[in-house]
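Quick note on labels: first sequence line is chain A, next is B, and so on, each numbered from 1. Since this is a predicted model, take the numbers as computed values, not measurements. Hydrogens, waters and symmetry mates are skipped; everything else that's a heavy atom, side chains included, is used.
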Amino acid sequence: MSDIQSLTIENAARAKLSFVECLARDGRLSINLSDLADLDLSGIQLLIAVFREAEKERKEVHLTGSPNGLVLSRFVAAGMCDGSVATGENIEQAIKAV
Amino acid sequence: MDKDQFIDTFKEEALELLGSLESSLLELEEQPEDKELLSAVFRVMHTIKGSAAMFGLDKISAFSHEVESILSALRDGKLVFSRALIDNTLQSRDLILEMLGDTASATGSLPEKLVQFLADFKQSVGFRPEGSVIQSKTPDGDVTAGTSVNAPPQKAKKASETWHITFVPGRDSFRRGSNPLALINEIRNLGETVCIPVFDRVSSLSGFDPEDCATSWEIFLTTSATENDIRDLFIFVEDTSEIKIECLANLIDEHTPSNKKLGEILLEKGKIKQESLDRILNSQKRIGELLVEEKLVTPTDLKVALEEQKQFQKVQKSKNAANDMSTIRVKSEKLDQLMSLVGELVTVHARILQTSKNVSNNDELVSIVEQFGRLTDELRSNTMSIRMVPIGTTFSSFKRLVRDLSAELGKNVELETDGGETELDKTVIEKLNDPLIHIIRNSLDHGIELPSVREERGKPKTGIIRLSATQTGASVYITIEDDGNGLDRAAIVRKAMSKGLIPPDAQLSEQEIFSLIFAPGFSTKEQVSAVSGRGVGMDVVNRQMELINGSIAIESTEKQGTRITLKIPLTLAIIDGLLVRISNEFFVIPLSVVVGCLEYILEKQKNDNNIVIFHDHQLPFINMRTFFGIPGERLPIEQIVVVNIKNQQVGILVDQVVGGNQTVIKPLGKLYKQADGVSSGTILGDGSVALILDVEQILDATEKEEG
């Protein structure tokens, strides 16, 4: 997913296709949050949908890296974490818990 | 008032504040994210600092100022919460307490010992003076420079009310150009928030539409802002969104208790059905886990309900704190005096009532006496309630003891308390403090095993000490129970023989063996430690219980645990009693144990096995004439008072039930200490004495006699 630099409403459709392809091809998907320049609510919803799909299809999705301040602040604003959580792994756990 | 009196008042207040500080710190240790608790701790230190300075107690003021600065840094997010912080603040509290004990020396500059303590405190928690960078903790535990993303803004400091906001943005919110996340951020700016996102409407990946807003939020906001201020934030989305704003304080009234159970909250919200709840409640697991496991509610529903429960409790706590503010200080001697006068008044009322019945049929007089009776009754209840304090405060003071001692002994021990709302006379509670400390220290040292031993025995690593209180009749039962070693009967007997307390060939019952531990100087522990082993503690328990006319019962199972029950009579109280007569003697049975009364016609009885049928059940009864050895013939028609003791019903056979009686309890003194079946006495309206029955003791003595 190196070609997707922002998970925002403008490119969420493209990101979705890329995620679907990757899951179908490899059965697993790794999203490096360090690569993300920006994120919005649409992007967060996409991440939720990807994780739910993976669980249903018994495929693997993982979040890696550490988000930048802006991306982290979006997760915080949505209520996904409290700001002290700063790794992909922690955010992955938060997404799986909802 | 001279300066000394002012200082005395300050000391009283400071002692109270330090008491609450201890419990707040221990709570904070369990809930470090609770900003209200942190503010409470901060406020105590701030108040002590200010008041001490006002009375020229410079040492206390300077010391509290330094501790306050550290707490202030924690509150502002400049320090990371740690166990060291709690440990040091607790020690600071103890040091202030020490300084309060000697206010004459509390002037001048801080001694080297305290300066060093403060330096160590600051170093251990990483405190730097003003101007240092904001720190935050990475998930690895490292402290790094940065800014707390979710730090509460200044406005939240005036937070006064908690609001529950449900915000469900319309599906087309994105298309309309609104940004729900920005709106959530604006809500956060109003105060302290807990924001729980709900993603139930997010569709599967195949049907995912990036332009579809499918998220909603359950928000708990604590703020000084008004409802209108909050509503204003939604002004541009209110037509297309679902918005519900409720003030939690308004939802709490006498019909809606704050301690709502999780199941009740989920039921109210229509998330589960009553049948499912009942079924789940009958199993042993935690309700939340089970509901999620069985897919009856989603994890998000559970999270929202748990948060609501937490917020409700928080709001109720603030409400209670606000109510507690309207109090005045009264010397306890004045209350003793008042109580004694009310006792006399009750007796005088009984005499007037009796006399008015005897002398005339004057209706007006009877009406006045009745009115006087009602007022006396009300006065009695009010005076009683002033003197009675819940035992919970004493219970919570033991949390520190258990925390510190268990750490010292290398054990994991949790203190559970129950029945903290049980009320006892203030002076009795004060006398209970020492016995309880000794019993808990013994449980910690002798009872609860080391984690490795517990594991070998298949027990959880963390031991439990459970403190509970209940009131039955004229007695309060305080139980101290642990799930530890249990008492070693053989070791007790061995030690008692070696100390010459019992002869070598003594045959003792279980209770007799257990009661040996109360002998002065008795200890089975080979090594004397700072905690126990000197054999002084349990002796103190025994003596203190004797002082308040209490009794002790011990139950113990080896390797499973020990339960010590203290029975404390309400010797200083006035109780509602049922006056009964046997021959010419009057007795009072505490009304709280009375279930009902029935007639007993001797000639109708087919045998004399002391059993009657009551509510289709066999009811054994005790003939009180025989029990007390009162001479005279039995009446053809007697009465049985049915009482409930230790969850079983028993009858008390008397000649006549006279009626209700406001009973002023008078202690019987040492001479009657061994008298079985009576707990105390009272004076009746005609000046004669009636004994108050100890129904439990009567039952025990009868059972013992019958073998």
Residues in residues 48-58 of chain A near chain B [non-hydrogen atoms, under 4.5 Å]: I48(A), A49(A), V50(A), R52(A), E53(A), K56(A)
Might you work through the side-chain contact (heavy atoms from CB on, under 4.5 Å) test for I70(B) and T89(B), ending with a clear yes or no? CA-CA 9 Å; I70(B) 299 168; T89(B) 315; over 6 Å; no
Under a 3.5 Å distance rule, please check whether S42(A) uses its side chain to pair with a backbone N or O of P210(B) as donor and acceptor. yes
Can you check whether L63(A)'s main-chain N or O pairs, donor with acceptor, with E92(A)'s side chain at less than 3.5 Å? yes
For chain A, which residues from residues 165-181 of chain B lie under 4.5 Å away (heavy-atom distances)? F174(B), P180(B), L181(B)
Assess the residue pair E211(B) and I9(A) against the criterion (side-chain contact (heavy atoms from CB on, under 4.5 Å)); give the C-alpha distance rounded to whole Å, side-chain angles, the decisive distance to 0.1 Å, and a yes or no. CA-CA 7 Å; E211(B) 292 185 11; I9(A) 192 164; 4.1 Å; yes
If you count heavy-atom pairs within less than 4.5 Å of chain A, which of V202(B), T300(B), D212(B) leads? V202(B)
Side chain, backbone, both or neither of S206(B) within contact of chain A (heavy atoms, under 4.5 Å): backbone
Partner residues of F199(B) under the ring-ring contact (aromatic ring centres under 6.0 Å, His included) criterion, sequence neighbours left out: none
So, the part of A97(A) with a heavy atom under 4.5 Å from chain B: the answer is backbone
Less than 3.5 Å apart, any donor N or O on the side chain of T8(A) or E10(A) sitting next to an acceptor on the other? yes
In terms of side-chain heavy atoms, does T162(B) have a donor or acceptor partner in T222(B) at a distance below 3.5 Å? yes
Considering only distance and modelled atom types, tabulate donor-acceptor pairs under 3.5 Å from the side chains of residues 233-242 of chain B, sequence neighbours left out.
unit_1  : atom_1 : unit_2  : atom_2 : d
T240(B) : OG1    : V237(B) : O      : 3.2
S241(B) : OG     : V237(B) : O      : 2.9

Starting from the C-alpha separation in whole Å, work towards a yes-or-no answer on side-chain contact (heavy atoms from CB on, under 4.5 Å) for L28(B) and F81(B). CA-CA 10 Å; L28(B) 188 64; F81(B) 180 86; 4.0 Å; yes
What I'd like to find out is whether the side chain of L7(A) reaches to under 4.5 Å of the side chain of V71(A), using heavy atoms alone. no
Given side chains that start at C-beta, do those of D35(A) and Q5(A) come closer than 4.5 Å, heavy atoms only? no
So which of A77(A), A13(A), G79(A) has the biggest tally of heavy-atom pairs under 4.5 Å with chain B? A77(A)
